[in-house]
Amino acid sequence: MKPFILIVEDELPQAELLQYNLEKQGFRTSTVYEGQEALNRIEEELPDLVVLDWMLPGLSGVDICRKLRQQKDTKHIPIIMLTARGEEGDRIRGLDVGADDYVVKPYSPKELIARVRSLLRRAKGAEGEGRLEYANVVMDLGTHKVTRGEEAIHLGPTEFQLLRAFLGRPTRVFSREALLDQVWGRDVYVEDRTVDVHVGRLRKALNLPGSPELIRTIRGVGYSIDQDAQSS
Ligand code: CA
C-alpha cells in the first residue's frame, strides 16, 4: 500500500508542487489549507506522515503539532515542519514542540522527499523482531512497545530509533555522527544540534520519578545508555 502523506500548506502553488512531487514518487497524498481542516482530516484517516507548514491561518503548525502529540492515537505520527524562519532558535523550536524534522523554505522537493523517506524508515523501524533489554528498559521490536519497569514509555519515531541504537550496544558511547548515520541515514543533512534535541526528548521520556538517569552525556564526545550514568 502507498504511504499516505497529509500536506498542510496554505500557499496553493507550494501545496500543489509538493503534492505533484510526492505522488510522482509513489505516495498517496491529501492536501488541506488550514489547521482545523488538518485536524478533521487526520480524524477521518490517520496519515503515515504529515508535512506541516508553520505559518497557517487560524491554528498554526506549532499548535497542530502540540495537539497531535497530546493525543494517544496521533502521538506517533511522524511530522515534518516547513518553516520560513531561518533562525536556528526558531527551527529548534519546531523540534521542541514535537516535530520530527524540519525543512527551511525555500526547499527543493527532492530534499523534502529524501526527508520523508528517511522519516518513514525511522517510523517503520526496519521491521525488527525480538526484544532489546537493558537495566529495566525493554523494547519490543515487533510491537514497538517500550517499557521501563512497569511503566509504558511513549516515544516518537526518532526517539524510538535512538533508543534502539543505544540498547543495541549498552554502555558504548555513540558520537553524534554515529547516531546521525544510524538513525537518520546518510541521505539527509541533519545538524548535530538536532541529535541533542532528540536525545533530550528520549531522556525526558525515560525519566520516571524515582528511577535513576539512564542516558549519559559525555561532553564533547557523545551519548550512551549506562545505568551508572553520571553526566560529565
Ligand atoms: Ca504558510
Side-chain angles (χ1 to χ4, degrees), residues 2-71 73-123 156-159 184-185 187-191 193-198 200-201:
K2 292 179 173 182
F4 172 45
I5 315 286
L6 179 66
I7 300 164
V8 188
E9 166 65 271
D10 60 316
E11 284 142 81
L12 197 58
Q14 295 245 17
E16 279 174 350
L17 186 69
L18 207 49
Q19 183 168 358
Y20 171 79
N21 281 286
L22 283 166
E23 290 186 353
K24 208 169 79 179
Q25 293 296 316
F27 297 102
R28 184 164 65 87
T29 67
S30 179
T31 304
V32 295
Y33 306 97
E34 56 98 20
Q36 190 53 48
E37 214 185 327
L39 295 176
N40 297 346
R41 186 71 184 90
I42 289 166
E43 213 177 293
E44 271 168 36
E45 182 183 6
L46 286 181
D48 293 299
L49 185 145
V50 181
V51 177
L52 181 61
D53 189 25
W54 179 304
M55 303 294 277
L56 293 166
L59 286 176
S60 74
V62 170
D63 297 331
I64 295 169
C65 206
R66 279 211 188 91
K67 276 185 195 288
L68 294 178
R69 288 295 179 248
Q70 279 161 9
Q71 288 163 27
D73 54 336
T74 58
K75 207 171 188 154
H76 308 287
I77 300 177
I79 299 171
I80 297 179
M81 192 85 100
L82 301 178
T83 167
R85 300 167 184 227
E87 295 294 314
E88 197 195 0
D90 281 338
R91 285 182 274 149
I92 296 298
R93 217 183 117 218
L95 295 177
D96 282 341
V97 297
D100 295 286
D101 202 353
Y102 58 83
V103 173
V104 180
K105 288 180 173 181
Y107 56 88
S108 74
K110 203 175 148 201
E111 186 203 349
L112 187 98
I113 285 164
R115 286 176 185 278
V116 166
R117 288 194 198 287
S118 164
L119 185 49
L120 284 174
R121 265 202 308 277
R122 265 175 275 157
T158 307
E159 289 73 44
W184 280 262
D187 48 353
V188 293
Y189 171 74
V190 179
E191 287 167 288
R193 174 81 175 86
T194 302
V195 179
D196 301 339
V197 171
H198 285 283
R201 260 200 243 169

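Note that ligands are numbered from 1 as they come in the structure, with each ligand's atoms numbered from 1 the same way.
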List, one per line, each side-chain donor-acceptor pair under 3.5 Å for residues 6-20, sequence neighbours excluded.
from: E9; atom 1: OE1; to: E11; atom 2: N; distance (Å): 3.0
from: E9; atom 1: OE2; to: K105; atom 2: NZ; distance (Å): 2.9
from: Q19; atom 1: OE1; to: T31; atom 2: OG1; distance (Å): 3.0

Inset, instruction - Could you verify whether a donor N or O on one side chain and an acceptor N or O on the other, from E44 and N40, lie under 3.5 Å apart? - result: no
Legend entry - Side-chain donor or acceptor of R66 paired with backbone N/O of G61 under 3.5 Å: no
Inset, instruction - Please list, in chain and residue-number order, the protein N/O/S atoms closer than 3.0 Å to the Ca ion (ligand 1). - result: D10 OD1, E11 OE2, D53 OD2, M55 O
Inset, instruction - Mind running salt bridge (charged side-chain N to carboxylate O under 4.0 Å, His left out) on E111 and R115 for me, showing each step along the way? - result: CA-CA 6 Å; E111 186 203 349; R115 286 176 185 278; 3.1 Å; yes
Legend entry - Heavy-atom neighbours of E43 CD exceed 12 at 6.0 Å: no
Legend entry - Pair K2 + D48: basic N to acidic O under 4.0 Å: no
